[in-house]
Structure formats: C-alpha cells, structure tokens
Amino acid sequence: MNSPSAPVVARAPGRVNLIGEHTDYNGGLCLPFAIGLATIAAVRPRGDDQLRVTSREAVPGDPHWQEYVVGVLAELRRIGWEVPGLDIDLVSTLPLGGGLASSAALECAVATAIAGLLGVPLDGAGRRLLAEACRRAETEHVGAPTGGMDQLAAMLGSDGHALLIDFADPDSPVTAPVSFPVAEDGLVLLVTDTRVRHVLADGDGGYAQRRREYARGHPRRRRHVVTENARVRDAVDAIGARAWARLGALMTASHASLRDDYEVSVPQLDQVVDTGLEAGALGARMTGGGFGGCALTLVAADRAGVVREAVDAAYAERGWAPPRHHLVEPGPGAEVLRGIG
Ligand code: ADP
Ligand code: MG
C-alpha cells in the first residue's frame with residue numbers, strides 16, 4: 001500500500017484525427033484515435049485549499065497553461081466533486097501546441113488522477129462526464145473555442161480502435177469504437193510535426209475566426225464541413241473493408257478541402273502532404289486544427305523511411321527547421337497508473 005502522501009498518478013493520451021476536421025463544433029463527424037504520446041499527472045492532497053502546479057514542459061512566459069488545470073478543478077467542483085487543495089506535477093511526451101491535443105491530455109490526466117483520488121469509477125459514463133468537464137475547462141476557463149473531440153478521444157480511446165464521434169447533438173455526442181487493424185496489413189501511420197506552432201487559446205486567432213465564418217454561413221467553409229462529413233462516413237466503410245488505398249485517397253481529399261475551402265493549412269503542411277504522396281504514401285493530410293501542427297501520412301511500413309527522408313530533404317531545401325516524425329497507432333484512453341493504494 002502507498003503511504004498517505006504518495007501521489008495518485010494518471011496518464012491521458014494525445015490523439016491524431018484520422019479524418020473529420022473542423023467538424024466537431026459544426027455538428028459533424030470525426031474519427032480520432034488515442035496515441036502513445038501522453039501526459040502524466042501526479043496529484044497529492046495538500047491539507048489546505050491551495051493549488052500548486054508544476055510542469056516539466058511548461059514554456060516560460062506562457063500565460064495560459066495553469067488555467068487549464070484551474071479550469072478542470074473548477075468544473076469538477078461545479079459538478080459536485082469535493083476536490084481538496086492539491087499539489088499537481090505534470091510531465092508530457094506530447095508537443096505543446098502541435099495539434100496532437102496536449103491541452104486535452106493535460107486536462108484529462110488531471111481529471112483522471114482526481115477521479116482516482118476520490119474513488120470515482122471510470123466506467124463509460126464516468127469517462128464521458130470527465131471528457132465534458134475537461135472540454136468546459138478549456139472553452140469556459142481558458143477561452144479556447146474547441147469542440148470536444150480531443151477530450152472524448154483522450155477519455156474513450158481504446159487499443160486498436162479509432163473513435164467515431166457524431167456531434168449532431170453537441171450536448172450529447174454519440175461515440176462508437178471502430179476497429180482499425182491497419183498494422184495487420186503492413187501499413188503505418190506517420191505523424192510529422194511541422195514545428196509550426198499555433199495558439200488556440202488566442203480568441204482572435206484563425207480557429208475562432210473560422211468558427212464565426214461557418215456560423216455566418218460562409219459558403220466555402222460550409223462546403224468543407226458537408227464534404228468532410230461524407231468523407232468520414234466513407235472512411236469508416238473503407239476501414240471496415242480494409243480498403244486502405246481508398247482510405248488514403250479520402251485523407252488526401254480531406255487535406256485539399258482544408259487547404260482550399262476551409263483555408264487552415266500552411267505551406268509546411270502542404271509540403272509534407274505533397275512530398276509524402278510523391279514518395280509513395282497512400283494518403284496524407286493535416287491533422288488537428290491547422291495553422292501549423294502535424295500532418296498524418298498513411299504509408300506501407302516498408303516505404304515509411306523513404307517518406308521520412310523525402311520530407312526531411314524537402315524541408316532542408318527550403319531552409320526550414322527539421323520536422324519531427326513519430327509512428328503512431330491506436331492506443332488506450334486515460335487511466336489511473338497508481339491509485340490510493
Ligand atoms: P494542442 O492541444 O494541439 O497541443 P493547444 O493550443 O490546444 O494545442 O494547447 C497547447 C497549450 O496547452 C500550451 O500552449 C500550454 O498552455 C498547454 N499545455 C499543454 N500541455 C502542457 C504541459 N504538459 N505543460 C504545460 N502546459 C501545457
Ligand atoms: Mg488543444
């Protein structure tokens with residue numbers, strides 16, 4: 001048994017979105033999966049009502065980062081949890097602001113650790129409750145207008161599965177696991193971090209602007225959402241049929257729509273996609289909100305090295321800081337790693 005002062009430790013994953021981008025806040029469909037890169041929170045009651053948070057990855061001068069934690073505590077208290085004063089220590093293997101949902105991972109790691117501390121069971125309903133509390137922490141407290149995909153992926157992800165989410169009723173999104181046996185057929189998913197950083201918490205940023213434009217009926221933005229929802233449905237069918245070339249083509253079409261109709265790509269993302277396809281990938285697209293962040297490439301395992309090298313060479317030719325690559329596969333959602341003993 002742990003000593004009374006031993007922390008409760010929880011892990012929550014980042015995610016990539018396979019397809020279905022900028023649809024979560026527009027009543028649409030998306031298909032993310034939880035990945036191995038993750039944030040870990042160690043949480044210990046203090047004996048007073050103060051909150052102290054440290055993060056190994058916190059960027060000096062980042063004015064927002066502790067607000068994500070403050071927001072999670074506020075939301076859990078709002079739904080009636082008796083959360084005591086806490087010491088919280090965070091470590092993460094995720095890039096911050098890289099489009100792999102480090103913000104949701106931080107929120108969900110903290111919330112999951114607190115659930116462990118308070119003995120709240122993490123069944124399906126409990127996981128949904130936490131996902132919603134974490135989404136509200138980000139939108140209401142930090143002021144980042146996100147749609148809820150990231151928190152659901154972090155809380156409901158499962159090994160070997162993507163998560164189909166339907167936001168038709170935004171207050172009660174419907175989720176379904178989709179078996180995604182891509183590795184069995186000799187394919188890998190390569191995430192390439194462009195190293196271009198976006199700031200979602202900036203309320204005047206491009207993300208918030210796109211939301212407003214869509215809400216006002218901007219025709220090109222609307223066309224992206226309509227065609228993207230159809231692509232998500234087709235992607236679920238393609239995965240079911242193990243039609244990987246078709247899945248790849250849908251990913252590439254999604255990228256073109258995000259680049260041309262939603263206008264959230266940047267030259268580095270377009271370069272990774274174009275170079276990957278030229279080097280033999282089945283499909284590629286930006287993943288996450290855009291304006292930087294990561295691209296996702298579906299490629300035969302034995303071509304992945306060629307794609308990486310081609311992308312690195314294209315970057316070097318343009319004098320851009322080298323990208324970072326990660327192989328990702330669908331992994332489990334948030335979990336308590338060490339409980340109260
Ligand atoms: P993404 O979620 O795609 O990484 P966001 O802009 O939504 O991008 O969130 C990134 C922000 O979240 C960071 O700028 C920082 O404020 C906060 N953040 C996320 N993870 C951590 C962490 N481990 N430590 C400190 N701050 C973090
Ligand atoms: Mg985020």
Side-chain angles (χ1 to χ4, degrees), residues 1-15 34-58 62 64-94 96 100-142 144 146 148 150-159 331-341:
M1 199 164 115
N2 293 330
S3 72
S5 63
V8 171
V9 181
R11 167 193 180 279
R15 60 97 190 93
I35 59 178
L37 301 171
T39 298
I40 289 178
V43 168
R44 196 192 308 251
R46 283 174 58 92
D48 61 21
D49 59 3
Q50 301 294 302
L51 171 66
R52 187 196 56 89
V53 197
T54 72
S55 166
R56 195 183 62 180
E57 277 66 40
D62 174 354
H64 294 294
W65 80 268
Q66 288 177 322
E67 291 171 31
Y68 291 88
V69 181
V70 172
V72 170
L73 265 67
E75 284 301 317
L76 294 179
R77 287 175 177 145
R78 201 181 62 81
I79 61 173
W81 291 23
E82 289 182 11
V83 183
L86 296 170
D87 284 333
I88 301 178
D89 298 297
L90 300 160
V91 294
S92 185
T93 53
L94 283 156
L96 274 53
L100 300 182
S102 72
S103 59
L106 179 160
E107 294 146 17
C108 293
V110 168
T112 300
I114 294 173
L117 185 70
L118 301 182
V120 177
L122 280 183
D123 54 8
R127 285 173 178 274
R128 269 165 209 287
L129 189 75
L130 288 194
E132 175 58 11
C134 291
R135 184 196 66 77
R136 286 183 53 95
E138 185 150 347
T139 53
E140 309 294 316
H141 296 263
V142 181
T146 61
D150 299 351
Q151 292 82 6
L152 283 167
M155 291 310 306
L156 295 176
S158 59
D159 226 359
E335 61 202 324
V336 175
L337 300 178
R338 184 167 73 180
I340 43 177

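As the structure is a prediction and not an experimental result, all values here were calculated from the model.
Using a 4.5 Å heavy-atom threshold, the side chains of V9 and V336 count as separate. Proximity of C134 to C108: side-chain heavy atoms (C-beta onward) are separated by under 4.5 Å at one or more points. At a threshold of 4.5 Å between non-hydrogen side-chain atoms, the residues I35 and R15 do not count as touching. Side-chain contact between P84 and D49 is absent, with no heavy atoms from C-beta onward closer than 4.5 Å. The shortest distance between side-chain heavy atoms of V53 and W65 falls below 4.5 Å. When side chains are defined from C-beta on, I114 counts as touching L73, because their heavy atoms get closer than 4.5 Å. Within the 4.5 Å cutoff, the side chain of R128 has heavy atoms near those of the L156 side chain. Counting heavy atoms from C-beta outward, L96 and L106 have side chains that stay 4.5 Å or more apart.
Taking CG from L37 and OG from S92, the interatomic distance works out to 8.0 Å, rounded to the nearest 0.5 Å. The line from CG of D62 to CD of E57 is 12.5 Å long, rounded to the nearest 0.5 Å. With rounding to the nearest 0.5 Å, the separation of CZ in R46 from CG in L51 is 8.0 Å. Between the CG atom in D89 and the OG atom in S55 there is a gap of 9.5 Å [rounded to 0.5 Å].
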Go through the steps to decide whether R44 and D87 satisfy the test salt bridge (charged side-chain N to carboxylate O under 4.0 Å, His left out), and finish with yes or no. CA-CA 5 Å; R44 196 192 308 251; D87 284 333; 5.2 Å; no
Where do I340 and L117 land on the side-chain contact (heavy atoms from CB on, under 4.5 Å) test, with the steps shown first? CA-CA 6 Å; I340 43 177; L117 185 70; 4.1 Å; yes
I'd like to know whether M155 forms a side-chain contact (heavy atoms from CB on, under 4.5 Å) with T112, so could you lay out the CA-CA distance, the side-chain angles of the two residues, the decisive distance to 0.1 Å, and finally the verdict. CA-CA 9 Å; M155 291 310 306; T112 300; 3.6 Å; yes
Test side-chain contact (heavy atoms from CB on, under 4.5 Å) on L118 and L76; report intermediate values, then the result. CA-CA 11 Å; L118 301 182; L76 294 179; over 6 Å; no
Derivation of the side-chain contact (heavy atoms from CB on, under 4.5 Å) call for L90 and V110: CA-CA 9 Å; L90 300 160; V110 168; 3.9 Å; yes
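When all heavy atoms of A109 and A10 are compared, the pair lying nearest together is O-CB, 3.6 Å. The minimum heavy-atom distance between I40 and R11, with the atom names listed, is CG1-CB, 4.0 Å. The heavy-atom pair separating A113 from V8 by the smallest distance is O-CG1, 3.4 Å. The two residues A34 and P332 have their closest heavy-atom pair at CB-O, 3.8 Å.
Between the R127 side chain and the L122 main chain, a donor and an acceptor come within less than 3.5 Å of each other. The main-chain N or O of A12 is never found under 3.5 Å from a side-chain atom of E335 such that the two would form a donor-acceptor pair. With hydrogens and angles ignored, the 3.5 Å screen pairs no side-chain donor or acceptor of T139 with any backbone N or O of T146.
With sequence neighbours excluded, the residues that form a side chain to side chain contact (heavy atoms under 4.5 Å, CB included) with A105 are T39, L94.
A donor-acceptor pair shorter than 3.5 Å can be found between the side chains of E107 and Q151. There is a side-chain donor-acceptor pair under 3.5 Å between S103 and E138.
Within the structure, side chain to side chain donor-acceptor pair (under 3.5 Å) pairs that include any residue of residues 73-83 comprise E75-R78, E75-R136, E75-H141 (at least two apart or interchain).
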